[in-house]
2 protein chains.
Amino acid sequence: MAAHPARGRSGGRPTLEEVAARAGVGRGTVSRVINGSPRVSEATRTAVEAAVAELGYVPNTAARALAANRTDAIALVVPEPETRFFAEPYFSDVLRGVGAELSETEMQLLLIFAGSDQRRQRLAQYLAAHRVDGVLLVSVHADDPLPDLLSQLEIPAVISGRRSADEPLPSVDSDNFAGACSAVEHLLSRGRTSIATITGRLDVYGAQRRLDGYRAALRDAGRPVDERMIVPGDFTEEGGRRAMRELLETRPGLDAVFAGSDVMAAGARQALREAGRRIPDDVALVGFDDSAIARHMDPPLTSVRQPIEEMGRAMIDLLLAEIADSRPFAARRLERRQLVLPTRLVERASS
Amino acid sequence: MAAHPARGRSGGRPTLEEVAARAGVGRGTVSRVINGSPRVSEATRTAVEAAVAELGYVPNTAARALAANRTDAIALVVPEPETRFFAEPYFSDVLRGVGAELSETEMQLLLIFAGSDQRRQRLAQYLAAHRVDGVLLVSVHADDPLPDLLSQLEIPAVISGRRSADEPLPSVDSDNFAGACSAVEHLLSRGRTSIATITGRLDVYGAQRRLDGYRAALRDAGRPVDERMIVPGDFTEEGGRRAMRELLETRPGLDAVFAGSDVMAAGARQALREAGRRIPDDVALVGFDDSAIARHMDPPLTSVRQPIEEMGRAMIDLLLAEIADSRPFAARRLERRQLVLPTRLVERASS
DNA sequence: ATCACTTGTGGGAGCGCTCCCACACTACCT
DNA sequence: AGGTAGTGTGGGAGCGCTCCCACAAGTGAT
């Protein structure tokens with residue numbers, strides 16, 4: 001027995017050393033097998049694998065993290081309170097894509113909310129301790145200090161959406177401009193002549209671009225843009241409802257609304273119903289995101305589809321590449337670090 | 001310069017050793033200060049704290065985990081697909097409570113989905129590697145092997161709800177039986193005479209207890225229990241809708257429904273509306289959970305309030321105590337490890 | 001003065017890995 | 001025969017902590 005009486009360790013998990021002894025090889029060799037190094041002979045590999053199986057060996061992640069200076073974990077940082085996270089289908093869709101892509105790797109995903117100052121404080125601590133190899137940042141507002149903190153700490157990061165046209169960080173975005181254009185063009189082609197829009201928070205670049213697209217489509221069609229037809233929302237259902245009420249008051253003659261998100265469209269629908277307007281007979285309604293609520297709305301909502309799940313997957317791919325690049329002796333830096341995925345209009349009964 | 005040229009470590013974070021040198025003390029002393037040991041003189045503590053601040057020292061969690069055999073992280077395990085997680089307000093409420101309670105500690109929360117076989121496989125690996133100090137298990141079905149795996153691995157765990165009356169694991173539950181009783185009594189007191197119930201999945205103990213409460217309340221009031229008035233749902237909106245349709249077909253004369261969850265009540269409401277029944281005029285409706293949808297329903301839903309957020313907090317308290325107990329030289333084992341919190345009927349317009 | 005505690009402190013040993021140097025062994029050219 | 005690669009392998013050193021033993025210095029009873 002050891003002189004040091006195994007300080008109360010429960011279970012007594014086997015170590016690399018023990019696997020090596022069992023397989024009759026050295027520690028280094030076992031490590032190579034575990035990590036899939038090609039420089040191991042077939043016979044040795046088989047022997048080691050047998051020993052691993054017999055002993056039920058599972059690597060100690062803390063030791064590995066300490067020695068190799070990596071954690072095999074990445075964080076999905078949501079700079080919003082939990083409530084928003086759950087209310088917004090966008091997040092769950094991203095999470096699904098991220099989870100799917102990640103399940104093919106050994107990486108672990110942490111979900112971190114940074115919706116309050118206290119939470120942000122804790123997150124900063126967490127990042128400073130380098131407890132994750134990389135960060136996925138979703139829903140970032142223009143003035144958010146988080147991206148800068150990350151580059152300062154030299155932590156690989158990818159953001160969903162951009163903060164501006166020339167986002168310095170690697171990012172994955174959808175073509176918000178083109179998507180908005182297609183929505184408005186669709187409404188025009190249906191003979192609508194008085195088209196309003198409810199925007200998202202304009203400190204989110206994507207919301208800004210959707211508004212730009214709305215303007216451009218009208219302009220291209222030779223229609224004047226009435227500024228009173230543009231009302232800001234905040235991506236929430238309540239915000240959509242408020243915006244719609246305002247529109248009905250100032251521009252009661254409108255015959256179509258392009259909402260900057262499905263959730264806001266749902267709010268707008270309530271306000272329209274309250275006011276006795278029928279959809280699409282009196283007012284056509286188009287959303288953005290094509291999330292689950294669009295399909296389940298009554299009537300089903302025409303919406304601009306963003307491939308959110310695919311975006312989640314792409315973010316992971318980019319991030320993993322970033323992480324690989326950040327390690328010593330990385331092959332070469334990536335070139336295309338900004339991805340913009342196409343959108344597509346899905347027509348349903350609301351327009 | 002070191003002979004070993006600092007293998008590409010980015011940032012070059014300060015170590016305990018460097019802090020010690022700066023403060024003119026030994027490593028042990030710095031460690032004691034960091035960990036809040038009382039056996040340090042005031043003067044030394046101040047000096048060390050100054051050095052920590054000057055150097056911007058942040059402990060290396062991997063090293064700490066390796067040396068102390070703990071991770072300072074706990075996992076919230078959801079044995080459901082993400083979709084269910086987002087569709088069910090119960091989870092977000094638990095998460096909110098857990099997050100709130102945890103934000104007062106240094107513990108990190110991981111959210112892990114174990115909804116598919118592949119995911120469960122990965123989770124098992126993860127747990128075997130002891131990457132968390134403890135586990136919170138929500139929404140466990142009677143035959144789930146996860147709890148046994150956890151006790152086998154000797155990982156402290158707390159479950160929300162119980163699997164049976166004599167749950168071996170520490171658990172936090174609400175008084176489902178009494179809650180269901182109060183709902184039915186309320187309907188009876190409102191003069192309803194023909195009360196149906198839509199149950200949750202009966203392999204969830206809580207759903208079973210709600211059904212027991214429904215039966216007991218009717219019995220206590222001297223009313224016979226009509227088995228055709230009991231229809232199983234599955235906690236989903238769609239399930240509630242289906243169950244309600246069935247009830248309307250087999251028992252068209254009913255004048256009240258007690259649904260085993262708010263989400264199912266929302267589904268039932270849709271079916272009632274389709275059938276042209278008015279709420280509460282024709283049929284009174286009562287839900288369970290008192291989640292956000294109860295308040296937002298039209299009409300607002302009478303519901304049995306479970307203090308879900310408080311339950312989340314209690315789970316954390318229990319789990320932290322369990323973890324403390326599992327460490328060597330723990331003071332004493334806990335006694336009360338099963339917590340049952342009271343429920344309360346919240347009356348609204350639906351009944 | 002001696003002994004027995006108590007309080008504060010320094011630093012060795014060790015946690016379980018990865019990294020990398022050294023070395024044996026084999027091939028295949030000159 | 002002597003080079004010159006390449007291929008597998010063993011194991012030392014070290015990652016940055018915590019734990020704990022040893023010990024100095026102070027305090028009070030005998």
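Naming convention: chains lettered A, B, ... in sequence-line order (proteins, then strands); numbering from 1 in each chain.
- Taking atom CZ of residue A:Arg70 and atom P of nucleotide C:dG16, one finds them 18 Å apart after rounding to whole Å.
- Here B:Arg22 pairs with B:Glu54 under the salt bridge (charged side-chain N to carboxylate O under 4.0 Å, His left out) rule; sequence neighbours left out.
- In this structure, CZ of A:Arg13 is placed 14 Å from P of C:dC15, rounded to the nearest angstrom.
- Each of A:Thr15 and B:Gly24 lies near DNA chain C, and the nucleotide nearest B:Gly24 is the one positioned closer to the 5' end.
- Atom CG in B:Asn60 sits roughly 13 Å away from atom C1' in D:dG14 (whole-Å rounding).
- Atom-to-atom, CD of A:Glu17 to C1' of D:dG12 comes out at 12 Å; the value is rounded to the nearest Å.
- Between A:Arg64 atom CZ and D:dG16 atom P the separation is 18 Å, expressed in whole Å.
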Checklist line | Nucleotide-resolved protein contact map, nucleotides 23-28 of chain D, B/S/- at heavy-atom distance under 4.0 Å | finding: ------
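- Surrounding CD of B:Glu18 are more than 12 heavy atoms belonging to other residues, nucleotides or ligands, all under 6.0 Å away.
- Residues from residues 42-53 of chain B with heavy atoms under 4.0 angstrom of DNA chain D: there are none.
- Two end axes, each from the C1' atoms of five base pairs, can be drawn for the helix from C:dA1-D:dT30 to C:dT30-D:dA1; they diverge by 50°, to 10 degrees.
- Sorted by first then second residue, the salt bridge (charged side-chain N to carboxylate O under 4.0 Å, His left out) pairs that include residues 60-74 of chain A, not counting sequence neighbours, are A:Arg70-A:Asp72.
- Between B:Arg119 and B:Glu82 there is a salt bridge, since at least one side-chain N of the basic residue sits less than 4.0 Å from a carboxylate O of the acidic one.
- As rounded to whole Å, 9 Å separates atom P of C:dC15 from atom CG of B:Leu66.
- Between A:Ser160 and A:Leu136, every side-chain heavy-atom pair lies at or beyond the 4.5 Å cut-off.
- Looking at residues two or more places apart in sequence or on another chain, you find no salt bridge (charged side-chain N to carboxylate O under 4.0 Å, His left out) involving A:Arg32.
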Side chains of residues 137-150 of chain A: which donor-acceptor pairs under 3.5 Å do they make with residues two or more places apart or in other chains?
| residue | atom | partner | partner atom | Å |
| --- | --- | --- | --- | --- |
| A:Ser139 | OG | A:Glu80 | OE2 | 2.9 |
| A:His141 | ND1 | A:Arg201 | NH2 | 3.2 |
| A:His141 | ND1 | A:Asp203 | OD2 | 3.4 |
| A:Asp144 | OD1 | A:Arg120 | NH2 | 2.6 |
| A:Asp144 | OD1 | A:Leu146 | N | 2.7 |
| A:Asp144 | OD2 | A:Arg120 | NH2 | 3.0 |

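- Residue pairs satisfying the salt bridge (charged side-chain N to carboxylate O under 4.0 Å, His left out) criterion with at least one member in residues 104-118 of chain B, sequence neighbours excluded, are listed as follows: B:Glu104-B:Arg313.
- Distance alone, capped at 3.5 Å, is enough to place a donor-acceptor pair between the B:Thr71 side chain and the B:Asp133 backbone.
- Atom pair A:Asn69:CG and C:dG16:P shows a separation of 20 Å (rounding to whole Å applied).
- Partners of A:Arg27 according to the salt bridge (charged side-chain N to carboxylate O under 4.0 Å, His left out) rule, which considers only residues two or more places apart in sequence or in another chain, do not exist here.
- A:His130 places its NE2 atom 13 Å from the P atom of D:dC17, with the value rounded to the nearest Å.
- When the ring pair (Phe, Tyr, Trp, His ring centres under 6.0 Å) test is applied to A:Phe86, the partners found at least two apart in sequence or on another chain are B:Phe85, B:Phe86.
- Using a 4.5 Å heavy-atom threshold, the side chains of A:Leu110 and A:Tyr126 count as touching.
- You'll find the side chain of B:Asp173 stays beyond 4.5 Å of the side chain of B:Leu339, heavy atoms only.
- The side chain to side chain donor-acceptor pair (under 3.5 Å) test applied to B:Gln108 returns no partner, not counting sequence neighbours.
- Taking a 4.0 Å limit (strictly below) on heavy-atom distances, residues 27-41 of chain B reaches DNA chain C at B:Arg27, B:Gly28, B:Thr29, B:Arg32, B:Arg39, B:Val40, B:Ser41.
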